[in-house]
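In what follows, chains carry the letters A, B, and so on, assigned in the order in which the sequence lines appear, proteins first and then strands, with residues in each chain numbered from 1. The model shown is predicted, which means the values in this text are computed figures rather than measured ones. The figures here come from the full heavy-atom set of this structure, side chains too, leaving out hydrogens, waters and symmetry mates.
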Amino acid sequence: MLDLKLIRANPEKIQELIDRRNGSYDVQPIVELDRASRELETKRSQLSARGNEIGKLIGKKIGSGSNPQGEEIAQLKAEGNKIKTKLSELEPQEKEFKAKIEALLLELPNLPDESVPLGKGEEENVEIKRWGDEYITDNQNPLPHWEIGEKLGILDFKRAVKVAQSRFVNLVGAGAALERALISFMLDTQIAAGYLEVMPPVLVNSASLQGTSQLPKFAEDSFKCSNDDLWLTPTAEVPVTNLYRDEVIEDSELPIHHCAYTPCFRREAGSAGRDSRGLIRLHQFNKVELVKVVAPETSEAEHQTLVENAEAILQALKLPYRILELCTGDIGFGAAKCYDLEVWLPSANMYREISSCSNFRDFQARRANIRFKQAGKKGTQYVHTLNGSGLAIGRTMAAVLENYQQPDGTVKVPDVLQPYLKREVL
RNA sequence: GGAGAGGUGGCAGAGUGGUUGAAUGCGGUAGUCUCGAAAACUAUUUUAGGGUCAAACCUAACGGGGGUUCGAAUCCCCCCCUCUCCGCCA
């Protein structure tokens, strides 16, 4: 959520920054509602002040012996009643204004950082780094991972579809073990890098989804439980960030660095027909997520190390990848700045997103009301939140299967995974 | 799911209609004392919105929402959450 005061003070500038994004958003209605709402608030609070005065006066008079049934008290009560009537008109109006402003603010995306490259869509993202060219296979006819997996008997899509729906997978034998190995390896690596592991609920309430900005705008992307105010989390970002919702954190507690393994659930509304085969786009997938809650002045540097922590996994697995800096037209709703890590998939002959590392600045903190207090300073400030995948497990499995496939149809186990899997070949 | 108890400031914990934003204790901050520290003592210490150059000042908040009243932490209604016992259960 954007700072209403900032919009009020600088509507043109805010509009200009939002216009850099894809999509049309208008701050003008907010500015106008805000003006009207503040006028109303001034009127209402003056009226309340007089009402409070009368209340205290009556109390004082009765306390000092006045007749509660007397003329003087009756007059005061009459005035109090008049004020009450007026307030009963003004109060709902003011509430309505504020609710409208809040609703509009919740629909407004974050401002892209000044440094984010201008662009309309993903084709204008900027590649800023490429790593591991030397590991790109020279195999001319690499198999797609789903074929490798089905041949090895470790990926079973058919039965998963029977049990659930399309876009689900059943992992079998070494497939399941590889998934576990990847999860453990990633967690161990990030824990060693200083992240504190958490294992949060994967059903989350609406307030949490609003806090991290999946709601209200993107409700159709998540699965909802019909009888409860609970949703299947689309990413660990939601439960982990919301651990601190409505909290005031001591600045000595910052920065907070969490890693978390969770399954993730996405409806993939609107992506029918895309990536319909394999592990790339499933309704349920596993992910190790990195979440940071930090002081504002450190968030830029924290963002850089977040990317490095995600990269470390790909480097350890010797998987070729590149880093894109997303342009203003492709950056996510809540992000001020975002880097995508894309891993090389030989069968597709292209890089595919495997991690997205975003700095939300105070956008989520404002929605989720996560603040911190500086020792010795009055008041509170909003924290900055960041998160990134470290990494998506299913896509990593796809990348491992494809990049490590051997001419004889087997798959070599990456060195760093061998201690976990206790085997060298799948 | 059934029965009961409860949700108050950073924490603990008073407060059942009237100058209560809220006693008291702990914690925090500043000071006195000290070479320094501890202890003791003194003072200070919620958040958000409006307002102001800045202040003053005003409003709101005692789980959430609604109601009664001139006036609600306190009374009434609905909801949420926590705890205890019972039931069920991995």
Side-chain angles (χ1 to χ4, degrees), chain A residues 1-9 30-106 199 201-211 225 227-231 239 242-254 256 263 362 365-383:
Chain A
M1 194 153 69
L2 299 182
D3 184 358
L4 183 56
K5 284 184 194 162
L6 205 66
I7 297 178
R8 186 187 297 159
I30 295 178
V31 174
E32 280 159 23
L33 280 169
D34 173 52
R35 193 178 303 128
S37 151
R38 273 185 300 150
E39 259 173 46
L40 207 57
E41 179 172 352
T42 304
K43 235 194 260 177
R44 195 225 77 230
S45 72
Q46 283 169 354
L47 213 53
S48 298
R50 176 58 187 160
N52 290 341
E53 207 175 357
I54 290 169
K56 280 181 187 168
L57 208 58
I58 292 176
K60 220 188 289 185
K61 289 203 185 272
I62 293 177
S64 60
S66 294
N67 176 11
Q69 257 61 260
E71 181 62 21
E72 199 185 7
I73 302 281
Q75 260 180 26
L76 285 170
K77 282 191 183 184
E79 191 187 348
N81 265 324
K82 237 188 240 170
I83 288 172
K84 196 154 65 159
T85 308
K86 272 191 208 156
L87 279 177
S88 70
E89 288 169 31
L90 293 185
E91 271 174 351
Q93 281 180 37
E94 187 187 344
K95 269 189 189 169
E96 201 182 316
F97 272 125
K98 296 213 155 139
K100 270 188 194 161
I101 292 169
E102 169 91 359
L104 289 174
L105 282 175
L106 285 171
M199 198 174 277
V202 297
L203 294 197
V204 296
N205 57 31
S206 297
S208 294
L209 283 163
Q210 180 174 303
C225 303
N227 292 332
D228 303 279
D229 177 32
L230 288 171
W231 306 65
N242 277 285
L243 291 174
Y244 299 98
R245 176 155 45 85
D246 291 323
E247 292 197 13
V248 178
I249 303 166
E250 287 298 321
D251 65 346
S252 58
E253 304 289 319
L254 299 178
I256 293 169
D362 61 3
R366 203 168 244 113
R367 289 175 160 248
N369 191 29
I370 308 174
R371 295 169 294 168
F372 77 104
K373 195 171 173 49
Q374 258 173 315
K377 256 194 169 182
K378 247 187 113 71
T380 58
Q381 293 180 65
Y382 288 109
V383 298

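Among A:L230, A:D229, A:L209, the one residue that satisfies the side-chain contact (heavy atoms from CB on, under 4.5 Å) test with A:V204 is A:L209.
Across the P atoms, B:A12 and B:G63 are found 14 Å apart, a figure rounded to whole Å. If you take atom C1' in B:C57 and the same atom in B:U52, they sit 9 Å apart, rounded to whole Å. When the P atom is compared between B:G28 and B:A38, the two are found 10 Å apart, to the nearest whole Å. One C1' atom belongs to B:A22, the other to B:U74, and the distance between them is 12 Å to the nearest Å. B:U29 and B:U20 are spaced 30 Å apart, taking the P atom of each and rounding to whole Å. Between B:G21 and B:A61, the two P atoms lie 11 Å apart (nearest whole Å). Distance noted for atom P between B:U44 and B:C26: 16 Å (whole Å). To the nearest whole angstrom, the two P atoms, one in B:A48 and one in B:G10, are 11 Å apart.
Nearest heavy atom pair, residue A:I370 against residue A:Y244, reads CG1-O, 3.4 Å. Considering every non-hydrogen atom in both A:G211 and A:N242, the closest pair reads CA-OD1, 4.1 Å. Across every non-hydrogen atom of A:Y382 and A:F372, the tightest pair is O-CE2, 3.7 Å.
Residue-to-nucleotide proximity on RNA chain B shows that, of A:E53 and A:Y382, the 5′-proximal contact is made by A:Y382. Nucleotides of RNA chain B nearest to A:R8 and A:A78 differ in position, and the one nearer the 5' end is that of A:R8.
Contact of the A:L2 side chain with the A:I30 side chain is not registered, since no non-hydrogen atoms from C-beta on lie closer than 4.5 Å.
Atom CG of A:L87 and atom P of B:C58 are 17 Å apart (whole Å). Here the C1' atom of nucleotide B:G49 and the CD atom of A:E102 are 13 Å apart, to the nearest Å. In this structure, CD of A:E250 is placed 11 Å from C1' of B:G27, rounded to the nearest angstrom. Rounded to a whole Å, the CD1 atom of A:I101 is 13 Å from the P atom of B:G49. Going from atom CG of A:L40 over to atom C1' of B:G49 covers 14 Å, rounded to whole Å. In this structure, A:Q93 places its CD atom 20 Å from P of B:U59, rounding to the nearest Å. Computed from coordinates, the A:I83 CD1 to B:C70 P distance equals 12 Å when rounded to whole Å. Between A:N205 atom CG and B:G64 atom P the separation is 17 Å, expressed in whole Å.
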Given side-chain contact (heavy atoms from CB on, under 4.5 Å), test A:R245 with A:N369 step by step and report yes or no. CA-CA 6 Å; A:R245 176 155 45 85; A:N369 191 29; 5.5 Å; no
As a quick check of understanding, evaluate side-chain contact (heavy atoms from CB on, under 4.5 Å) for A:D34 and A:I7, giving each step before the final call. CA-CA 10 Å; A:D34 173 52; A:I7 297 178; over 6 Å; no
Mind running side-chain contact (heavy atoms from CB on, under 4.5 Å) on A:I256 and A:I249 for me, showing each step along the way? CA-CA 10 Å; A:I256 293 169; A:I249 303 166; 4.1 Å; yes
Could you write out each protein N or O paired with an N or O of nucleotides 18-23 of chain B at a distance under 3.5 Å?
residue: B:G18; atom: N2; partner: A:G55; partner atom: O; Å: 2.8

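The side chain to side chain donor-acceptor pair (under 3.5 Å) pairs that include a residue from residues 88-97 of chain A are A:R44-A:E94, A:E94-A:K98, where partners are two or more places apart or lie in different chains. A salt bridge (charged side-chain N to carboxylate O under 4.0 Å, His left out) check over residues 73-87 of chain A, counting only residues at least two apart or in different chains, returns the pairs A:R50-A:E79.
Applying a 4.0 Å cut-off to non-hydrogen atoms, the residues of residues 44-52 of chain A that approach RNA chain B are A:R44, A:S45, A:S48, A:A49, A:N52, listed by residue number.
Between the CZ atom of A:R371 and the CD atom of A:E247 there is a distance of 10.5 Å, given to the nearest 0.5 Å. Between atom CD of residue A:Q46 and atom CD1 of residue A:I83 there is a gap of 11.5 Å, rounded to the nearest 0.5 Å.
OP1 or OP2 of B:G66 lies within a sub-4.0 Å distance of a side-chain N or O belonging to A:K95. In this structure, A:T380 reaches the B:A48 phosphate: one of its side-chain N or O atoms is under 4.0 Å from OP1 or OP2. For B:G51, one of the phosphate oxygens OP1 or OP2 lies less than 4.0 angstrom from a side-chain nitrogen or oxygen of A:R38.
Residue contacts shown for A:K43 are absent, as no nucleic acid heavy atom lies under 4.0 Å away.
Take A:D362 and apply the salt bridge (charged side-chain N to carboxylate O under 4.0 Å, His left out) test, not counting sequence neighbours, and it matches A:R366.
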How is the base pairing of RNA chain B summarised as a dot-bracket string, given the Watson-Crick and G-U wobble criteria with both distances under 3.5 Å, [ ] for crossing and | for another strand? ((((((((.[[[..)..(.....]]]((((((.......))))))(((((......))))).[[[[[..)....]]]]])))))))....
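The listed nucleotides are B:G66, B:A48, B:C70; the one nearest the side chain of A:N81 is B:C70.
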